[in-house]
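Lettering follows sequence order; numbering is per chain, from 1. Nothing here was measured: the structure is a model prediction, and the numbers come from that model.
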2 protein chains.
Amino acid sequence: MERLLLRIDREIIAAGGKRSKSRAAVMERFFRAGDHVTVDELTRAVRKTFPRVGTVTVYRTLKLLARMGYANEVDFGEGARRYESNLDSHHDHLVCTACGTVIEFKDPDIEKLQDLVTRRHGFRPTAHRLEIFGLCRKCADRSAGRRQG
Amino acid sequence: MERLLLRIDREIIAAGGKRSKSRAAVMERFFRAGDHVTVDELTRAVRKTFPRVGTVTVYRTLKLLARMGYANEVDFGEGARRYESNLDSHHDHLVCTACGTVIEFKDPDIEKLQDLVTRRHGFRPTAHRLEIFGLCRKCADRSAGRRQG
DNA sequence: CCAGAAATTGAAATTCACTTTCATGTTATC
DNA sequence: GATAACATGAAAGTGAATTTCAATTTCTGG
C-alpha cells in the first residue's frame, strides 16, 4: 500500500508532475476503500482527515489514476459514475437493484466465450464490461417470503 | 410497422393518453432508424420532415417507449445515452472504439453461463448488459497494416 | 535558505445531458 | 363547438463533470 503510493508518486514525477498532500490523501483513501466509490463519497471520506480538499481534486486524482491504469471508471446506472481500483484482475458485477449491493465475480468461461464471439466478428477486443442487474440473495428472499406468506 | 405504431397508440390511449402528431413522427423515425440513436440524432432526423418538434418531445417519447417496453436505454460511455428498439430479442454489443461502429450479437451460451454465475451467488437476475470494446475488423486491419508495413 | 519556475489546488463559473415548469396548442368527448 | 385533459416546446432548473484562474505548494538551483 505504502509501496503502491510511492510507486504511483514516482510515476507522476517521472512524467513531470509534483508531489501533493491532497492527492496523496485522496489516493490513500481510494485504495483503502476497496469498493466502488463515487467522487462525492470519496470526497466526504477524505475530508474526515483532510477537510480542505476540494471535489475538483478528487475528480482530477481519480481521472489521473484511471489514465495511469490504477483505477477503472464504472457505471451502475445511478447517474454518477463510480471508480474502482484496478489492482485485482478483471472482474464483472452483480448489481442488486433493491439494496444497491454490488458483488464482484470472475468467470474465465464467460471470458473465453466472449473471445470466441469477438473472433467470429473479426473484432479485436481491448476491454469489456458485464453487469448483471437483479436481486441479491437477501432481497430475493425477502420478496419471495412476501409472495409466499 | 404501421401496425406497430397503431398498437402503441392504442396502448397509450388505453392508459389515458391522447394521440399526437409529434409523437407519431418521433416513433416512426425511431423504429425506422433501426440502430442505436441519441436523442440529439433522432431530433435532427425527425426535424427533416417535422421541423417544429422539440428535443423535449423526443426525450419524453423515448422514455415513454422505454417504459412501455418498446425501447431500451443503452450506454456506450459516450456521455449521452442511446435508445434502441426492443422489438428483436435480447442482444449484446461490440463497440469499436476507433470508428464507433456497434455490432450486435447474441450468444445463448454466454447467457447460460451468466445464469450459472448468478445462481452460484443466490442472485436473481432481471437484466444484464454486456459491452465489448475494441477494434472492428476494418479498424483492426488498418492498424495491423500500419504495424507490418 | 531563498527566489523563481512550474505544477497543484479549490472556489466559482461553465458545460452538457437531462428534467421540470408552465403557458399555449391539440385532442377527445359530450 | 365548448370544455376538460393531455401534449408540446421554450425556457428555466438540476446535477454531474470540466474548465478557469488567482493563490498556494512543490521543486530546483543558486
Distance, rounded to the nearest Å, where [X] contributes [atom1] and [N] contributes [atom2]:
| X | N | atom1 | atom2 | answer |
| --- | --- | --- | --- | --- |
| Tyr83(B) | dA17(C) | OH | P | 14 Å |
| Asp9(A) | dC27(D) | CG | P | 9 Å |
| Arg23(A) | dT8(C) | CZ | P | 5 Å |
| Asp40(B) | dT19(C) | CG | C1' | 16 Å |
| Arg52(A) | dT8(C) | CZ | P | 17 Å |
| Ile12(B) | dC6(D) | CD1 | C1' | 12 Å |
| Arg19(B) | dA28(C) | CZ | C1' | 9 Å |

(request) On DNA chain D, check which nucleotide each of Lys18(B) and Val56(B) is closest to and give me the residue with the more 5' one. (result)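 The 5'-side residue here is Lys18(B).
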Would you say a side-chain N or O of [X] is under 4.0 Å from OP1 or OP2 of [N]?
| X | N | answer |
| --- | --- | --- |
| Ser20(B) | dT8(D) | yes |
| Tyr59(B) | dT19(C) | no |
| Ser22(A) | dG10(C) | yes |
| Lys63(A) | dA17(D) | no |

(message) Taking any heavy-atom pair under 4.0 Å as a contact, classify Val53(A): base, sugar-phosphate, or nothing.
(response)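 Counting heavy atoms under 4.0 Å across all strands, the contact made by Val53(A) is with sugar-phosphate only.
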(message) Need one value for Arg81(B): base, sugar-phosphate or nothing, where a base atom within 4.0 Å counts as base even if backbone is also close, heavy atoms only.
(response)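 Sugar-phosphate only.
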(message) Counting C-beta onward and ignoring hydrogens, is there a side-chain heavy-atom pair between Asp35(B) and Glu84(B) closer than 4.5 Å?
(response)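 Result no, sub-4.5 Å side-chain heavy-atom pair not found.
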(request) From the options dT26(C), dA17(D), dT8(D), select the nucleotide whose nearest atom is closest to the side chain of Arg60(B). (result)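 Nearest to the side chain of Arg60(B) among the choices is dT8(D).
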(request) Check whether the ring centres of His36(A) and Phe76(A) lie less than 6.0 Å apart, and answer yes or no. (result)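 Yes, ring centres under 6.0 Å apart.
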